[in-house]
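Before any comments, here is the structure.
Model, not experiment: these values are computed from the prediction.
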Amino acid sequence: MEPVTLEDVAVNFTLEEWTMLNAWQKQLYKEVMQDTLRNLCYIGNKREHQNIENEYENLWKKLR
């Protein structure tokens with residue numbers, strides 16, 4: 001069984017889709033992704049935690 005990655009569980013919006021979301025929906029997305037990150041970190045080890053955190057930060061920067 002392979003470990004779960006952020007890519008496996010993340011919801012990725014295109015830039016067009018992202019611009020169609022209102023502020024509340026964007027905030028909800030951010031909160032859900034943060035919870036997902038915490039859950040993945042809980043089941044992973046420290047090294048995997050760092051990789052997942054970097055993936056999340058990169059994803060969030062792209063959506064800004």
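With sequence neighbours excluded, the residues that form a side-chain contact (heavy atoms from CB on, under 4.5 Å) with Leu28 are Trp24, Val32. In terms of the side-chain contact (heavy atoms from CB on, under 4.5 Å) criterion, residue partners of Asp35 (sequence neighbours excluded) are, by chain and number, Arg38. Among residues two or more places apart in sequence or in another chain, the side-chain hydrogen bond (donor to acceptor under 3.5 Å, both in side chains) test is passed with Asp8 by Thr5.
Under the 30°/60° scheme for interplanar angles, the aromatic rings of Phe13 and Tyr29 are found to stand perpendicular.
Hydrophobic clustering (ILVMFWY, side-chain heavy atoms < 4.5 Å, transitive): Leu15 and Met20 are in distinct clusters.
Summarising the geometry, atom OG1 belonging to Thr19 is positioned 7.0 Å from atom NZ belonging to Lys26; distances are rounded to the nearest 0.5 Å. Here Lys30 contributes atom NZ and Met33 contributes atom CE; the two are 12.5 Å apart, rounded to the nearest 0.5 Å.
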